[in-house]
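Before any comments, here is the structure.
Remember, it's 1-based here, ligands and their atoms both numbered in the order they're listed. Residues take their numbers from the sequence shown, with the count starting at 1.
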Amino acid sequence: MVGGVPIFHLLITTYRLHNEQYNTENTNNKMSFHQRYTGLIERYRDRLPISDDTRIISLGEGNTPLIKLNNIPRSMGKDIDIYAKYEGLNPTGSFKDRGMTMAVTKAVEEGSKAIICASTGNTSASAAAYAARAGITAFVLIPEGKIAQGKLAQAMMEGAVIIQVKGNFDDGMRLVKEVASEAPVTIVNSINPYRLQGQKTAAFEIVEELERAPDFHCLPVGNAGNITAHWIGYSEYAADACGHVTDACSLCDGHCRYAGGPLSGPKPKMVGYQASGSAPFMRGAMVDDPETVATAIRIGHPQSWDNAWVVNKESGGWFDECDDEEILAAQKLLAENEGIFCEPASATSLAGAMRDINSGKIPEGSTIVCTLTGHGLKDPDTAIAQSTAPVVKINAEMEEVKKAILDNM
Ligand code: F0G
């Protein structure tokens, strides 16, 4: 007791006074504690097909950094703003988590005990993680020998049942569709409409951060689910409430429940870049033997073929292709000059954008967003194989360290 007041009460009062003072100071300085971020479904719950009772399966995905590139635009000598949307910073290291939180949340809501996907790697890592979180089983079909080590490690650690197919992604996808019609498993590839619903939120974040849409949004294209999802997001944010949004979305049969948003200016032109050896959108037809160092987009039969053409037409954008050399050069450039490490497939967006900026197809004065879909750590083998960083081997002697430093200043 102090002067008749219990010590505990004094402590509480002091604590409250301190906090009130702190909060007042914070308000004055326009600083406050942020609410804990708990993932994109919670953040955009009014714009996603969930109800108040839905049990959300989340790992805190979304809310990824939009990094303005400094050194690359300067070295190009162009008056251009390029932003990298670094989706590699999602919980499993790729943009797939945006779609997977929605797909697994809905699968669990609908009573599913197992999910299944075909994958070039990232979808399998994401499916495995969200299934583990939900307490259900993930079956993942991956092309034997053609998935990056980091992705395989993830799926294995996260307890997925891994089915290695002697074939490519397209073979796996065909099998998944067939088996899902006969077995009690939910497909969580991007043909699952909830995947695109989750992924559309990347466009929301970009608009909110830039307070406008970019003029051009550049993405690597495999199945073309992600370019479609982004277009749905931009279109919803730009639409009049209850108006028609885009033919690329079939969720609400033309009567979009989520139309209306803060975007008053124009929507971006959506530009999709493919790897030359896996470029069905450039060939105008499916490719049966896709090949590229960017294994994530080694896909010859895109699942969102029709939607991607709708996006192309509605947005006024285009498709183009980059060869493996250009892709790897862009990956290295980003890491060396901006400190951003993405996987090869992701760098396709920057490789293509740089070519189109240099040619003037993307004019000076433009604001461009390039999505970097996956983290560089996903594929350490390709990174180390192409790195030219000096590795100096020395004996554990001071003089030798000094020499190594002086020789490489
Ligand atoms: N970038 C990365 C890193 C990817 O993993 C993928 C697709 C894409 C781009 C292309 O996106 O298919 O929506 O056009 N990866 C899938 C997978 C196929 O299985 O992980 P898309």
Side-chain angles (χ1 to χ4, degrees), residues 64 85-90 92-100 103 116-129 138 140-143 146-148 150-152 154-155 160 162 165 168-173 176 187-192 195-196 198-200 202 217-232 248 270-275 278-281 290 292-305 307-308 311-312 319 322 327 330-331 341-352 370-379 382:
T64 54
K85 181 71 169 160
Y86 196 14
E87 291 286 275
L89 291 192
N90 274 297
T92 76
S94 86
F95 73 95
K96 304 287 180 181
D97 297 342
R98 287 185 187 273
M100 206 55 73
I116 191 165
C117 65
S119 180
T120 55
N122 282 322
T123 303
S124 64
S126 187
V140 304
L141 277 74
I142 53 170
K146 288 289 184 179
I147 101 165
K151 303 172 188 181
L152 186 58
Q154 287 178 289
I162 295 166
V165 181
N168 59 29
F169 169 87
D170 304 308
D171 295 316
M173 195 64 237
V176 162
I187 300 181
V188 294
N189 280 102
S190 56
I191 55 171
N192 177 326
R195 277 277 310 274
L196 302 195
Q199 286 168 219
K200 74 183 181 182
H217 190 134
C218 305
L219 295 111
V221 167
N223 278 310
N226 208 26
I227 196 168
T228 304
H230 278 76
W231 182 242
I232 293 171
M270 303 300 294
V271 186
Y273 297 108
Q274 299 213 277
S278 310
F281 287 102
T292 169
V293 69
T295 51
I297 51 173
R298 189 171 165 269
I299 294 168
H301 291 238
Q303 296 299 309
S304 293
W305 176 261
N307 283 339
V311 172
N312 181 268
F319 293 112
C322 302
I327 293 171
Q331 183 197 18
F341 188 24
C342 68
E343 66 171 289
S346 310
T348 312
S349 59
L350 182 72
C370 291
T371 299
L372 302 181
T373 43
H375 201 288
L377 290 171
K378 292 273 191 175
D379 190 353
T382 306

Give a table of atom pairs where an N or O of ligand 1 lies under 3.5 Å from a protein N or O.
from, atom 1, to, atom 2, distance (Å)
ligand 1, 1 (N), Thr373, OG1, 2.7
ligand 1, 5 (O), Asn122, ND2, 2.8
ligand 1, 12 (O), Asn223, N, 2.8
ligand 1, 13 (O), Gly225, N, 3.2
ligand 1, 13 (O), Asn226, N, 2.8
ligand 1, 14 (O), Gly222, N, 2.8
ligand 1, 14 (O), Asn223, N, 3.3
ligand 1, 14 (O), Ala224, N, 2.8
ligand 1, 15 (N), Lys96, NZ, 2.8
ligand 1, 19 (O), Ser119, OG, 2.7
ligand 1, 19 (O), Thr120, N, 2.8
ligand 1, 19 (O), Thr120, OG1, 3.3
ligand 1, 19 (O), Thr123, OG1, 3.1
ligand 1, 20 (O), Ser119, OG, 3.4
ligand 1, 20 (O), Thr120, OG1, 3.4
ligand 1, 20 (O), Asn122, N, 3.1
ligand 1, 20 (O), Thr123, N, 2.8
ligand 1, 20 (O), Thr123, OG1, 3.1

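Phe341 meets the ring-ring contact (aromatic ring centres under 6.0 Å, His included) test with no other residue; sequence neighbours excluded. His375 is linked by a ring-ring contact (aromatic ring centres under 6.0 Å, His included) to Tyr86, counting only residues two or more places apart in sequence or in another chain. Taking the ring-ring contact (aromatic ring centres under 6.0 Å, His included) definition, one finds that His230 meets it with His217, sequence neighbours left out.
Side-chain atoms of Lys85 and Thr64 form a donor-acceptor pair, as typed in the model, at a separation below 3.5 Å. Checking Asn122 against Glu343 by side-chain atom types alone, a donor-acceptor pair falls below 3.5 Å.
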Can you check side-chain contact (heavy atoms from CB on, under 4.5 Å) on Ser278 and Ile297, steps first, answer last? CA-CA 7 Å; Ser278 310; Ile297 51 173; over 6 Å; no

